[in-house]
Structure formats: structure tokens, C-alpha cells
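Some notes on the structure that comes next.
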Number of protein chains: 2
Amino acid sequence: MTEAHPEPPAAEAAPSRRQPRKSAPTIYDIAELAGVNPSTVSRALGKPGRVSAKTEARIRAAAAELNFRVNPIARALPTGRTNTLALVVADITNPMVFGMVRGAEHAATAAGFTLVIAESQESGETESAAIEQIMPSVDGIVLATTRLGGERIADIADRKPVVLINREVAGVPSVVSDVEVGVRQLVTHLHALGHRSIAYLSGPPASWISERRWASLLDMAEELDLALVEIGPSPPTIEGGRAALRRVLASRATAVVAYNDLMAIGVMKEAAERGTAVPGELSVAGFDDIFGSDLISPPLTTVRAQLVTAGERAVARLLAQVVDGEVPPPDAPLATELVVRGSTGPASAPNAG
Amino acid sequence: MTEAHPEPPAAEAAPSRRQPRKSAPTIYDIAELAGVNPSTVSRALGKPGRVSAKTEARIRAAAAELNFRVNPIARALPTGRTNTLALVVADITNPMVFGMVRGAEHAATAAGFTLVIAESQESGETESAAIEQIMPSVDGIVLATTRLGGERIADIADRKPVVLINREVAGVPSVVSDVEVGVRQLVTHLHALGHRSIAYLSGPPASWISERRWASLLDMAEELDLALVEIGPSPPTIEGGRAALRRVLASRATAVVAYNDLMAIGVMKEAAERGTAVPGELSVAGFDDIFGSDLISPPLTTVRAQLVTAGERAVARLLAQVVDGEVPPPDAPLATELVVRGSTGPASAPNAG
DNA sequence: CTGAAAGCGCTTACAG
DNA sequence: CTGAAAGCGCTTACAG
């Protein structure tokens, strides 16, 4: 029955490619080399001072010789701690998330934690699935501008420490921007330029922060007696902005405030193609001050958010829960600030409505 | 000795905050509920068809009832497989990496793998440390435009499957761009516009791809009998580009080709501030075609790279090693393509040299 | 097809 | 201070 040249088992023979290369040294290897019990190795390499100085020295020497690195996943099993944090964003390629990613990365790395970034791709279901998948592997989760419903978020926060960015849910810690200050500055600026009719291009339907921006705009419109319309919701992308231009124009608003800079850029691109002058015929403003906002011509007037700081703070608050087991009292919202550039100018003509 | 009110152990009592919330159900819980041995649960939930249909149904029902998710880190310990891949990039906030990240993310997610992104922050040491830290937790690593030396890379590849992006090291699989085609198109374009003297702004010192770009430029310069100088190396950032403008101008070159779009944008910003007309007095071109390249004014002429595809392919090749245990033969380099926009124009004046 | 056992690489009470 | 043992939640030969 056996053939002349039986196929060698996959694991064997093959030069070096199929094989799980050098398998990493373990604490047992160190224990043997140092002549101690593995548990002593574990202690020596963990919190210091629990082992005699000379034993520790011997163990460290052995560890160095073998080039030992503790296996984080083996450590995670008994401790339940993975030393990993997750950051969930809607779209990794949206420049708006860079700042948050960078801030979160730094804060996590500084604390010796690894950050994994998951993408929801602007879909609540994808987001939910991504979170379920990542949850057992991390010690806590930062949810940035999420699509999830409040109950779902509360449910997740029930299972792992969670910090929200730009969203509020009862009982879940969050880091938010103080939308109002920036919006006040923006609307005041537009009003001073003679604008009396403004359109707001809203973002994703479930966006808490888009809601907040709208609400602040409405407050200001009432205060300054301006006409204000909401157009949307639209996808928070360049395409979303482009697609909305006709409605903006049709509304006879002389200024448009987009949910974010990406949409504002889309409006400007479409306007350029259609021959609508910015800011001559239409003033345009956005939110966030992303990379690219000062590149476009005219450069974009926008309400700058402290994205890096938001990422840092979110991780810091998460770490407070994860390592200290306590949720710190909420700190003040992050200030926003109007950055006036060329895309806003004097109102062209009185509202023709 | 015992006090009247001994402090309760931290684990107890506390309302709900310090506590490792709902602890997740395990296969033991399922086994008990379904009346089978845990090993049978493991089989039923793993590869199908190893357990009788009715037993499997019972087990699945129990798993669903308990809302069971296999614990990936517990699974990783006996199998040695984490179902996680790492992507190491120099700088997460460089728009150049978006495309790669997106492509890699998609390919990884589609295969049921989690992608973790690590940042080297343009430093070889940070990169090395980040890799050491992440290595035990992942099944394989994509190294994008790395700062590491060839020996170090070979050493890493010896321990885990590795795929390189835009770099070549003997024995390590890679995904590279076909620099030559794009450079040929670019230099031909500049030559046709009358440019006879070109400056190349090189990127990071150890950058393999910057080297390749320079080498292709040199080939073309010889072929078309053009003057060519290298300026740099410089940081691959907007700042790096800005800082180089004076040297570019001093060189009397009529066109400058930057290592990447970020640097090209820096050159343009600095030129705008100094009143140097682009492309009137100086033509500018870059590489990659990042977000923002078509936003700046004039829009940037650039050699577009297939970044998304590069990310996808790199992960695909990594997966081939990780799951199939084989390294597929190298495929053809990814095509590059010249995108002509407004930042390049007729040469201003003959080289005054 | 299914159970009982051993093991992945650590950590951590429990003794001494 | 240090050793011996049990356990984290899985997987996978080994039997039957």
C-alpha cells in the first residue's frame, strides 16, 4: 500500500521555509540556564525586588544571553491583561482621523501599550463586527465618532472599559470638543461679512457631533437673526460635499458651513468646476482643519479641533480605567477655534429669496 | 488580630466599576449547557464536519444562547497563530501611507485577520523596538519603506514571515513599484517642456526607494543629456521640502523633482511665500499622488503609485506564507504613471550656470 | 464520533 | 527568598 516515495510530512525536511523558524526562548530556557525555578524567573522579570539581587542578576544575564522577550499573549491568558488598546474610527483614510490616531498612538506607546486601529467603514454593522472581533484581545476601547446606537455602546462599555470621542452616552466617559465656542466665532465672522442666510451641510445621520454643530448653529442663527437651513445628511466625504452644491445654491444661502473639511473641500471643488466663485458668490467653511485645508485655493476657513489632544486624552482616560481601575471625573471639553482663511468673504448679494 | 471591619478584598463588593465586568463565557460553559466534553465543543466550533450534525447543532445553539465568542488569545497559545498581522510604517500621518493602510486593512479583514499598525516615527531605533514588541503577537509583518538595515530585516524575516513594500532584501519577499516607467514619463515630460537642468530632492538617508528614484533619474538624465543634481537627503515632510528651496534655487535648476509629494508641497509653499512663481520660474513634481496633491495651487504634477494595491498585495503575499506556508514567486512590480497637472510648465530660461 | 488528558507560556497564591 | 502546583481558555493527538 505504501508508495516507494511517501510524501514527507509537511513539517519535515523542507529547507527552512515551511518551518516556524527559530522558536522563541521561554522562561523555562532561562530557568534551566540560570539554575532556578521558572516561577522565580517570572518574578525576577516582572516587578523587581521580589527576588534576591544575585538571583535576579543571574536570571537577567541568562535572559539577555537567550535574547528573551516575554510572550505577551502567554502573559495575557492568566492575567487577563493584553496591554493592548483599540481605537475604532469610521474611515482610516479620512485625514480627520490622523490627529486622533497620532495622539492615541503616542499616549498608548508611552504607557507601554500597543494600539490597534479598527475601521468601521462608515457602517454600523461593520463597526459592531469589528468591535466584537477585537474585544477579547484588548484591555479597552476608544470609540471615535461612532455610528453605534447608545444602547449598543452602553453594552460594550459593560464588557470592557470604553472612552468615547465626540459623543456622549450616559455613564460612559468621553472626550468632546467644545463646539459652541468655535461655532460662535464662525457665525459671528460670517455675520460681520454681511451674510444673512447660511446653509449647514450635515454629516452622517447618526452623528452626535453633527447634531451638536447644527444645534449650536441654530442657537447662533436665532441670536443674530439669520436664516439657516440644514441640507443633508450626506456622506462626510469630498463626494458628499460635491453632491450637495446644487442644493446649497438653490437655497440661496450666501454661505455654507459643512460638517467637516472634507465636505467643504468637495463643495469648493464642485464650485470650481461649475464656475461658482468662492468666496465671491459663495462663502465656504468647514470643521476640523485637516491636512489639505490650507492647501486648497482659496484656503479653507474652518473651525479647528484639537484632534491630537483628543486622541491623547481619550487614551489617558482609558488607561486610568484599565490600569487604575477608576474612571476619572470628566474634564472640560476641548476648546475649538476659528481659523479664518480665504474661502469666506463678504456676502455677494442680499438673499434673493 | 482581626479588625472589626476588615477591608473587603478589592475584588468584592464594589458596585461595578473596578470589576472585570461580565466575564465572557468559555467552551466549558457551552460544554456544560450542551452536555458534552469541552473538546467536542472546540471541534464543533472549529473546522466543521468533525462532529455529528445533531451534536454540532446542540453545541451551536448553546454557544448562541451564551453569546459565545472564541477567545483569540487563548486560541493563540496552543496554536501559535494569532490571526493578526502587523503593518509597520514610518509615519501614520503621512498621507502616503493611507493608501497602503487601506489596502492592507481590506486584505487582512477579508481573510479574517486583524491588522495592527505600528509606527517607526522615522527612526530606525523606534522601528526596531516597535517590531520587537509586536512580533510575538502577530503571525507576520509588512514592513513599509523601512529604515532598517538589510541584516536586521533578514534577521526579522528569520523569525516571522515578512513582506517588504518598496524595498528589496535578498531572500525576503517584497512588493515594489516600477519606478522606472514613471520616471521616464516624468523626465520626458520635463525635457519636452524645455528643461535641461533638474534637481532631485532626496528623501531619508536609508531609503531604498529614494535611491531607486535617483538611479532612474540619473539614467534618464544621461539618456537625454540633462544636468542633474541631488539635493539632500532631507526629511520626507513638508518642512523638509521648504528647507530645501534655497538650495534648489541656488542650483539654477529649472525643475525640481521631490522624493515625495509632501516635500514637493513644501517646496511649493515656500516658493509661494518667497514669491518664486511655480511653474513660471520653477517647475515642481513629486511622487505618490497623495491626498492634497490635486488640492494645492497649482495642482501638483506627480508620479502616481498604486498604494492601495501595494498594501493589498503585501498582505496577500504575507498570508500566503502564514496560512499556506509558502512564499509565492515574486510578481511584476506595480506600474507607476505620470499625472501631469499645473506645477510643471515650460522652462523659464536657459540654465544660467 | 466523542471523551480524557496533556500542553501552549506565562502568573500567582500557597508553602516552606 | 524560592520552589512546586494549579490555572488562564483553548487545541489536538491519543484512545476507544
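Keep in mind it's a predicted model, so treat the numbers as computed, not measured.
Using the Watson-Crick or G-U wobble rule with both distances under 3.5 Å, D:dA13 pairs with nothing in any strand shown. With a cut-off of 3.5 Å on both pairing distances, C:dA4 has no Watson-Crick or G-U wobble partner at all.
The shortest heavy-atom contact between B:Asp91 and B:Val97 is O-CG1, 3.6 Å. Of all heavy-atom pairs spanning B:Val162 and B:Pro173, the tightest one is O-CG, 3.4 Å. B:Ile131 approaches B:Val88 most closely through the heavy-atom pair CG1-CG2, 4.1 Å.
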Going 5' to 3' through nucleotides 1-9 of chain D and flagging B where a protein heavy-atom sits under 4.0 Å of the base, S where only the sugar-phosphate is that close, and - otherwise, we get SBBBB-BBB
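Atom CD of B:Glu132 is surrounded by more than 12 heavy atoms from other residues, nucleotides or ligands within 6.0 Å.
Partners of A:Ser128 under the side-chain hydrogen bond (donor to acceptor under 3.5 Å, both in side chains) rule, at least two apart in sequence or in another chain, are A:Arg152.
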